[in-house]
Every structure is written in C-alpha cells, then in structure tokens.
Number of protein chains: 2
Amino acid sequence: MSLPYVILGFLQYAPATGYDLKKTFDVTVRHFWPADQSHIYRALAELVERDAVRVEEIPQSGRPNRKLYHITERGRQELISWLRQPAAVSRVRNTALVHVFFAGNLKDADVLTLLEAYENGLREELACYRRIPDMLHDVAPFRPSKRESFFWMLTLEYGIVLVEAQLAWVRGVRKRIQAKQYVSTVEDLPEEGKAVREKKRRGR
Amino acid sequence: MSLPYVILGFLQYAPATGYDLKKTFDVTVRHFWPADQSHIYRALAELVERDAVRVEEIPQSGRPNRKLYHITERGRQELISWLRQPAAVSRVRNTALVHVFFAGNLKDADVLTLLEAYENGLREELACYRRIPDMLHDVAPFRPSKRESFFWMLTLEYGIVLVEAQLAWVRGVRKRIQAKQYVSTVEDLPEEGKAVREKKRRGR
DNA sequence: TGCATATATAAGCATTTTCCTTTATATGAT
DNA sequence: ATCATATAAAGGAAAATGCTTATATATGCA
C-alpha cells in the first residue's frame, strides 16, 4: 500500500495536518492514488505508532486542535527505502471493458451509446488533468526544484498520454461499429475455430 | 462489482463449474478483471441465492462432486440490464507513479533502475497479451460469431494499445533522464513559483 | 437572514479484495 | 518411487477501500 508513503513524501517538504494533506492529495496524486479523509487520518495514526511521524498539537478555540504532523528521521529512511523497491505491476479492474467483452448481447445502437458515455468520461478526465498545473500553484508550501517539478509533471504526462490512448481506441471502435466492420487490429479468432482446434489436437 | 456479471456472461454459452470458470477467466478477462478461485466460488454462491444460476450436482468418486452451474432466465435478464447501464470511470491506483512522483529523493541512476524494471514488466505484459488469441482456442465451449469475436478482440486491443502507450512514455522518460533534460511535455511549474503566486494574490 | 463553504478531526460500518489453508485423488513426469 | 500438477470446492482472516455521520465555528454570499 502506497498511502503512508505518499504522506511521508509530502511531510518531507513541510509538516502538515490531515486536513492539509487531503487538500494536497486532491491536486497532486489523485489521478493515480486517490484517498479520502478517513484513509489519511487512519494512515497518520499508524505512522505515529511506528514513529515515522510525530504530532505537535496546536490548541485552537472553537474547532478541534490542529495536529501538525512532522516526519521523523525514521520516516525519512522508511520512505527512501520504499522508493527504491521496484513496484509490482498494478492490476487494473475496468468495468467498461467487461461491457465491451459481452457487448455481443446488445444491439449496435446500445453499444454505441455506452461507448459515447465512456468517451465523454474520458474527455472530462482529460480536462481535469489540464487544470492540475494551475491548481498546483495555489497549494501548500512546495517549492520544487526543476528536477522535482519534472517528476511531478511526468505523472501528469502519464495520465494524459494514457487517456489519449484510450480516446483514440474508443473513437476507432465507434467508427468500426458504425461502419459495421467488425474487425480488430488483433488477429481475429478464426470462425472455423472448431476445425482448426481439431487439427491442432490431431497434430499433437 | 462486475464479477458476478462476468460469470453470468460466460454461463450464457454453456454451463460450467467454478473450476472451469477460473480457467476461462485466466485466458479471457484476466487483464481487466482478474479473479481467483475464492472470488468465483463466493460469487457463484450469491448468484444461486438470487436465482440467477442453478446448480446441477454431478456425483463423482474420489473428489468433490462437480457442481455444474446453469444460467437461469432471471440471470440472463440481470446480465442484459446490467450491460446496458453505462459504467463509471474506474479509478486506478498505480504504485509506480507514486515512485515517479517522489523520485526527486533518488539519484538519477536509481530512478533509471526503477524505470527499467517497470519497462520490463510492461514488456512481459505485452507478451502475455500476444499469447491470448492462441490460448482462447484451447479453452471452453465457445464458438463466437464474428461480431462477438470482434468485441472480445477489442478488449485485447485495448490492453495492447494501453501497454504500448505506457512503453512509449517510459522510454521517453528514460531518455530524458539520461540526457539530464528534466523537461516534460506538460507545461512545467514555473521555478519562480513564489513570485508568480504573489503576483496572482495581489491581482485578486 | 439564512445557507453554503472552509476549517479541523475522527469513529464506525459495509463492502471489496487478497491471500492462505484444507481436503482428496488421479495422472504423468523424473 | 516420489514429486508436481490437474481436478474440485470452500472457509478464514486480514487488508484495503468507500461511504456516512458527528462535532463546532467563522465567514462570505445571496
């Protein structure tokens, strides 16, 4: 689970409260590691337990005291050693593809409707990414170096590249369906599947 | 959750046991909806409860009885109506991107090592996709129509397109790091961030 | 005047997802 | 002769995620 390490990553720059962190998450890593309040507060509690962060409680009146979390030396070390371990390829679940896989059950018109909705969702996502650089300026005490800023932008670039690839795919698919050309760029399953399979079997 | 609907989708073609279904999953939908044995057996139990499938128990000696699951009329209807509802955009968690985001903490050499590992993982995934069409021939009682087969191949095409987009991205990134050109195709955060921000603030 | 929003934290529950273990036997490979 | 693999099913536990609710006040907008 990356969540605690993302938190450590941000606390390196400056101490922050859970509330601050939530806001930071939403304009930085949300597209590849979304987290909500409850996740963040829970993770912070665990980090305190293993002394990766320490709390400084700042009294306030009228609302809960601020709990400012500071990263510890131990936390820094944990972060670095985690960063050095290569990540396993993260598997993805994609409901839209399940729809496509079993789309044989629907009429072309219905499939096209689904795909249009999917395409709109993708376009919204893209628009969202485009707004991120500006939002970054308004948040938090970050003064990244050129190199750091480069890495940040790379994750955005990744998001944009991937969404664009999906858009290209979905547009191509829609066109083919509209033209009733049910062909894929991947080698089609032979329709005489059975015969071919029998042949293979005998061949063994 | 798509899992029960994927199961219904396959049971449309022919009745199957949990064991059969597991094998089918692994050569068809694994790249966008992986499932292991325990998921499948649990989902089947739920489907029986709501009468979307029915069990036919076939006695065997020496090993557990086969439980052959048949889709019911109700199950067919459930599947169709689920398929017609547009899917929400599925959010993705990506540990590799967390690494990139905080790569400022590592030396270029270490980052390059990580990226190389990531690239290798992607290449393996791609190789895996390339094998799927052949594997499909060896499984199960499917005799898809040309149109159906088209939809199946589309999901593969999607997987391939996406992995290739990621490969292109990671290769580009490695090159830029090797050349120490820390620039992104996305507009960089201005280094004089503070000044710009102050200006904005005054402007409000 | 009233309503939404920002500030601040956190518990609680439901659901999902993963991972691991157990039970049995036949078959084929080393 | 032994070891791995295929066949078949399912329970248990833990981790991760998602969603809701509660508490309290200041501030700005309509």
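So you know, we letter chains A, B, ... as the sequences are listed, proteins then strands, and number each from 1. Heavy-atom basis, side chains included; hydrogens, waters and symmetry copies ignored.
- Residues from residues 46-56 of chain B that place a heavy atom under 4.0 Å from any atom of DNA chain D: there are none.
- For the helix from C/dT1-D/dA30 to C/dT30-D/dA1, the rotation axes defined at the first and last 5 base pairs enclose an angle of 40°, given to the nearest 10°.
- Atom CZ in A/Phe25 sits about 13 Å away from atom P in D/dG18, given to the nearest Å.
- When the side-chain nitrogen and oxygen atoms of A/Tyr41 are compared with OP1 and OP2 of C/dA10, none of them lie within a distance under 4.0 Å.
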Going through the checks in order, is the side chain to side chain contact (heavy atoms under 4.5 Å, CB included) test met by A/Tyr5 and A/Leu83? CA-CA 8 Å; A/Tyr5 301 102; A/Leu83 280 176; over 6 Å; no

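- The line from OG1 of B/Thr185 to CH2 of B/Trp169 is 11.0 Å long, rounded to the nearest 0.5 Å.
- Spacing between atom CH2 of A/Trp33 and atom P of D/dA16 amounts to 9 Å, rounded to whole angstrom units.
- Rounding to whole angstrom units, CD1 of residue A/Ile40 and C1' of C/dT7 are separated by 15 Å.
- In this structure, CE of B/Met1 is placed 14 Å from C1' of D/dT17, rounded to the nearest angstrom.
- None of B/Tyr13, B/Phe10, B/Phe151, B/Trp152 except one satisfies the ring pair (Phe, Tyr, Trp, His ring centres under 6.0 Å) rule with A/Phe102; the exception is B/Phe10.
- Comparing A/Gln37 and A/Pro34 by the nucleotide of DNA chain D that holds the closest heavy atom to each, the one mapping nearer the 5' end is A/Pro34.
- Looking only at atom types and distance, the side chain of B/Tyr129 has no donor-acceptor partner in the side chain of B/Glu157 under 3.5 Å away.
- The nucleotide whose nearest atom lies closest to any side-chain atom of B/Ser38 is, among C/dC19, D/dT20, D/dA9, C/dC19.
- Among the nucleotides C/dT17, D/dA8, D/dG18, the one closest to the side chain of A/Arg42 is D/dG18.
- Panel note: side chain A/Lys22, backbone A/Ala35; a donor-acceptor pair is recorded below 3.5 Å.
- Annotation for B/Gly104 and A/Arg147: closest pair O-NH1, 3.4 Å, computed over non-hydrogen atoms.
- One can place CG of B/Asp36 at 15 Å from P of D/dA10, the figure rounded to the nearest angstrom.
- For the pair B/Arg66 CZ and C/dA26 P, the computed distance is 17 Å after rounding to whole Å.
- Contact between the side-chain N/O atoms of B/Thr17 and the OP1/OP2 oxygens of D/dA9 is found at a separation under 4.0 Å.
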Take B/Gln37 and B/Tyr41 through the test side-chain hydrogen bond (donor to acceptor under 3.5 Å, both in side chains) and record every step on the way to the result. CA-CA 6 Å; B/Gln37 275 203 341; B/Tyr41 284 112; 4.6 Å; no

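- Between B/Ile7 atom CD1 and D/dA9 atom P the separation is 12 Å, expressed in whole Å.
- Here D/dT25 presents its C1' atom at 14 Å from CG of A/Asn65, a figure rounded to the nearest Å.
- At D/dT7, one or more side-chain N or O atoms of B/Lys23 fall inside 4.0 Å of OP1 or OP2 (strictly under the cut-off).
- Between D/dG11, D/dA10, C/dA10, one nucleotide has an atom nearer to the side chain of A/Lys67 than all others, and that is C/dA10.
- When only modelled atom types and interatomic distance are considered, A/Thr17 and A/Asp20 share a side-chain donor-acceptor pair under 3.5 Å.
- Across all strands, A/Arg93 comes closer than 4.0 Å only to sugar-phosphate atoms, never to a base (heavy-atom distances).
- A ring-centre distance under 6.0 Å is not found for B/Phe32 and B/Tyr158.
- Counting only N and O atoms by type, the side chains of B/Tyr118 and B/Gln166 include a donor and acceptor under 3.5 Å apart.
- Residue A/Tyr19 places none of its side-chain N or O atoms closer than 4.0 Å to OP1 or OP2 of C/dT9.
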